[in-house]
Asks: 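Take this structure, written in structure tokens, and hold onto it; I'll ask about it next.
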Amino acid sequence: MARPTYTYNPENIGTRGKDRMRFELGDTMVEGMEQTSALSDEEYNAILEAYPTKWKKAKLLCVESIMHRFAYEVDEKVGPLSLSLRERYEAWKELYDELEDEVASASVPSANRKAISGNHYFREGMHDNPNAGGTNTSLLKGGGRRFV
């Protein structure tokens with residue numbers, strides 16, 4: 001397996017790609033490779049290729065991956081030194097929740113074409129019962145209408 005790469009070129013943030021995603025997520029410290037970067041170039045590129053026309057969805061998946069990496073970390077305290085590693089997860093979780101709301105509100109529901117076509121299962125008068133009274137039996141062939 002090839003070693004993951006970690007690069008960032010701020011000149012490329014004008015176009016949608018790995019560098020812009022790194023910029024928007026604040027994952028620009030690539031000098032320390034996996035020690036300082038949240039995701040590798042290959043991970044960013046794979047997510048961006050999976051959703052080439054859905055930037056916010058790709059961003060949501062990047063944040064989700066980062067959030068899952070920090071989910072297992074716990075706070076540590078050794079003498080006077082304390083590390084609040086759980087705060088990183090909480091910050092990414094907050095961003096994830098915000099992005100999830102944006103993605104959900106941006107999606108437009110679509111109707112099933114078969115459901116809105118002219119051939120409906122339900123029709124006017126389908127539950128009319130001429131034996132129960134209150135129905136004009138002469139109209140039953142056409143569906144019938146309820147008379148009061």
Side-chain angles (χ1 to χ4, degrees), residues 1-129 132 134-135 139-140 142-146 148:
M1 184 173 146
R3 186 162 171 83
T5 56
Y6 299 87
T7 60
Y8 172 67
N9 185 353
E11 294 174 3
N12 295 336
I13 62 173
T15 59
R16 288 189 171 185
K18 166 193 63 74
D19 294 310
R20 181 171 177 174
M21 188 64 77
R22 279 193 186 280
F23 175 76
E24 288 187 13
L25 297 179
D27 187 22
T28 57
M29 289 181 35
V30 295
E31 296 80 17
M33 299 172 68
E34 64 271 352
Q35 298 298 320
T36 58
S37 297
L39 298 176
S40 69
D41 293 350
E42 291 79 12
E43 291 167 318
Y44 279 117
N45 289 330
I47 292 172
L48 291 170
E49 287 172 13
Y51 297 94
T53 59
K54 297 181 180 182
W55 182 258
K56 284 188 180 183
K57 177 71 174 174
K59 188 174 180 180
L60 179 69
L61 290 175
C62 289
V63 171
E64 182 180 23
S65 177
I66 295 167
M67 181 185 67
H68 287 307
R69 289 178 188 208
F70 292 139
Y72 68 91
E73 294 183 344
V74 295
D75 295 342
E76 290 257 349
K77 184 170 183 170
V78 178
L81 175 67
S82 66
L83 296 172
S84 300
L85 299 176
R86 187 73 182 166
E87 289 178 9
R88 294 197 299 180
Y89 167 78
E90 291 167 0
W92 285 104
K93 174 71 170 134
E94 187 177 319
L95 177 60
Y96 177 80
D97 291 339
E98 289 173 17
L99 281 171
E100 190 175 39
D101 290 342
E102 282 182 39
V103 169
S105 66
S107 62
V108 178
S110 61
N112 183 346
R113 292 182 190 261
K114 291 180 181 178
I116 59 175
S117 69
N119 301 327
H120 299 292
Y121 172 78
F122 298 104
R123 64 183 187 286
E124 182 181 354
M126 70 182 282
H127 294 292
D128 290 350
N129 184 350
T135 302
L139 295 175
L140 282 180
R145 291 188 182 271
R146 173 80 63 196
V148 182

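Each residue takes its place number in the sequence, starting with 1.
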Asks: More than 12 foreign heavy atoms under 6.0 Å from CZ of Phe23: is that the case here?
Replies: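 Result for CZ/Phe23: open.
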Asks: Are Val30 and Thr7 side-chain neighbours, meaning at least one heavy-atom pair lies under 4.5 Å?
Replies: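 A side-chain contact is absent here, since even the closest heavy-atom pair is not under 4.5 Å.
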Asks: Do Leu39 and Arg69 come close enough that some side-chain heavy atom pair is under 4.5 Å?
Replies: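 The answer is yes; the side chains approach within 4.5 Å.
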Asks: Taking only Lys NZ, Arg NE, NH1 and NH2, and the carboxylate oxygens of Asp or Glu, determine whether Asp27 and Arg22 approach each other closer than 4.0 Å.
Replies: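 Yes, charged N to carboxylate O under 4.0 Å.
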Asks: When rounded to the nearest 0.5 angstrom, what is the spacing between CG in Leu25 and CZ in Arg20?
Replies: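 Rounded to the nearest 0.5 Å, the CG-CZ separation comes out at 11.5 Å.
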Asks: With a sphere of 6.0 Å drawn around CD of Glu76, does it hold more than 12 non-hydrogen atoms of other residues, nucleotides or ligands?
Replies: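 12 or below, so no.
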Asks: Flag the pair Ile13 / Tyr8 as yes when at least one side-chain heavy-atom distance between them is below 4.5 Å, and no otherwise.
Replies: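 Ile13 vs Tyr8: side chains touch.
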Asks: Does any part of the side chain of Arg88, heavy atoms only, come nearer than 4.5 Å to the side chain of Lys93, both counted from C-beta?
Replies: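 When only atoms from C-beta onward are counted, Arg88 and Lys93 do not touch, as no gap falls below 4.5 Å.
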Asks: State the CG-CD distance between Leu99 and Glu94, to the nearest 0.5 angstrom.
Replies: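 Output value for this atom pair is 11.0 Å.
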Asks: With the threshold set at 4.0 Å, does a side-chain nitrogen-carboxylate oxygen contact exist between Glu34 and Arg3?
Replies: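 Yes, charged N to carboxylate O under 4.0 Å.
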Asks: Is there a donor-acceptor contact under 3.5 Å linking the side chains of Trp92 and Glu87?
Replies: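 Their side chains do not contain a donor-acceptor pair, so the 3.5 Å distance test is not met.
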Asks: Let me see the working for Ser84 and Asp75 under side-chain hydrogen bond (donor to acceptor under 3.5 Å, both in side chains), right down to the final yes or no.
Replies: CA-CA 5 Å; Ser84 300; Asp75 295 342; 4.6 Å; no
Asks: Does any part of the side chain of Ile66, heavy atoms only, come nearer than 4.5 Å to the side chain of Tyr96, both counted from C-beta?
Replies: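 Answer no - side chains too far apart.
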Asks: To the nearest 0.5 Å, how far apart are NZ in Lys56 and CD in Glu24?
Replies: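 Answer for the NZ-CD pair, Lys56 versus Glu24, is 9.5 Å.
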Asks: Does Glu102 pair with Lys54 as a salt bridge, N-O distance under 4.0 Å?
Replies: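 Answer for the salt bridge query: no.
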Asks: Do the side chains of Glu31 and Met29 get nearer than 4.5 Å, heavy atoms only?
Replies: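 Contact flag for Met29/Glu31 side chains = yes.
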Asks: Just wondering, do Asp41 and Pro4 contact through their side chains at under 4.5 Å, heavy atoms?
Replies: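 Not touching, per the 4.5 Å side-chain cut-off.
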